[in-house]
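Reading through the structure tokens given below for one structure.
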There are 2 protein chains.
Amino acid sequence: MRSVQDAMDALNGKWKIAIISSICCYGKRRFTDILNDVEGVSNRMLSKELKELEINQLIKRTVLNTQPITVEYELTEHGNTLQAIITELSDWGIVHRKKIVGK
Amino acid sequence: MRSVQDAMDALNGKWKIAIISSICCYGKRRFTDILNDVEGVSNRMLSKELKELEINQLIKRTVLNTQPITVEYELTEHGNTLQAIITELSDWGIVHRKKIVGK
DNA sequence: CGGCATCCTTACAGATACTG
DNA sequence: CAGTATCTGTAAGGATGCCG
């Protein structure tokens, strides 16, 4: 019961799922890349959501020693376990949309 | 991709999952019962979230012809399909909590 | 009993500009 | 490039009171 809330807390915010999907899809992904992948997100929000995902140990942030600096984001092992849930949510979302919007 | 967002939209708000869990757990549940089940929710919020759940055809609202009136809420067939997701979320939430808070 | 109306406070999030 | 800082509007949500 509380555990469901824990899970939702880790995924809340408008962009987290899209961000995870972007990173997951490419394996590794840079800040600006994600900014472009996720339609509508601002750098401010992206920064904030990435930070929260990192705190929750769903993604890993790596600073590369280049000039100018490059930052790579990738899913952690723990982050990867989300895939099953995302898939289920996606499946249900499709059914749900058909149900509500009509076929 | 959008479908995940559709699913999240249907489940957003602070209380929806708890409300669904309450109804689901008992089969049928009345307004005040849910108000007591879900710790911290106000009648204003409960009313609002129930309405949204009803619009999304996840719950069914039935007014009984008593004095004073009684209202019963129950999950629709469509609402019941959420159980799989809620279970998965719950499982993941438990793992996640262990991971973050530490065992 | 089961809400709705109102008021009010805070959290969320966009736009823009700036920094190492 | 990868963010931070600030400023601002909106919306979520709590408290309370009223009504059929």
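Just so it is clear: chains get the letters A, B, ... in the order the sequence lines come, proteins before strands, and each one is counted from 1.
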- Item | Residue whose closest nucleotide on DNA chain C lies nearer the 5' end, B:N43 versus A:P68 | B:N43
- Task: Round to a whole Å and report the spacing from CD of B:E49 to P of C:dG3.
- Result: 14 Å
- Item | Straight-line distance of A:T70 OG1 to A:F31 CZ, nearest 0.5 Å | 13.5 Å
- Item | Side chains of A:Q83 and A:N80, donor plus acceptor under 3.5 Å | yes
- Query: Would you say D:dA15 has OP1 or OP2 under 4.0 Å from some side-chain N or O of B:S42?
  - Reply: no
- Task: Report the nucleotide, chosen from D:dG14, C:dG2, D:dG3, that has the shortest atom-to-atom distance to any side-chain atom of B:M45.
- Result: D:dG14
- Whole-Å distance between C:dG2 C1' and B:L64 CG? 12 Å
- Query: At under 4.0 Å, does any side-chain N or O of A:K51 touch on OP1 or OP2 of D:dG3?
  - Reply: no
- Task: Kindly indicate whether the side chain of A:R44 and the base of C:dG14 share any N or O donor-acceptor pair separated by less than 3.5 Å?
- Result: yes
- Note on the structure: From CD1 of A:I19 across to P of D:dG3 the rounded distance in Å is 12 Å
- Item | Spacing of B:I23 atom CD1 relative to C:dG2 atom C1', expressed in whole Å | 14 Å
- A:E39 atom CD is separated from C:dG14 atom C1', nearest whole Å, by 16 Å
- Look up atom NE2 in B:H96 and atom CG in A:D9, then write down how far apart they are to the nearest 0.5 Å. 8.0 Å
- Task: Mind calculating the distance between CG (A:L35) and C1' (D:dG3) to the nearest angstrom?
- Result: 10 Å
- Query: Given C:dG3, C:dC1, D:dG14, which nucleotide is nearest the side-chain atoms of B:S47?
  - Reply: C:dG3
- Does B:W15 make a side-chain N or O approach to OP1 or OP2 of D:dG14 shorter than 4.0 Å? yes
- May I ask you to verify if any side-chain N or O of B:Y73 is less than 4.0 angstrom from the OP1 or OP2 atom of C:dG3? yes
- Message: Output the rounded distance in Å from CD (B:Q67) to P (C:dC1).
- Response: 12 Å
- Taking OP1 and OP2 of D:dG3, is either one under 4.0 Å from a side-chain nitrogen or oxygen of A:R61? yes
- Message: Without decimals, in angstroms, what is the distance between B:F31 CZ and C:dC4 P?
- Response: 8 Å
- Quick one: pull up NZ in A:K60 and CD1 in A:I23 and give me the separation to the nearest 0.5 Å. 12.0 Å
- Message: Strictly below 4.0 Å: does B:T70 bring a side-chain N or O up to OP1 or OP2 of C:dC1?
- Response: no
- Between A:E72 and A:R29, does at least one N-O distance fall below 4.0 Å, as a salt bridge requires? no
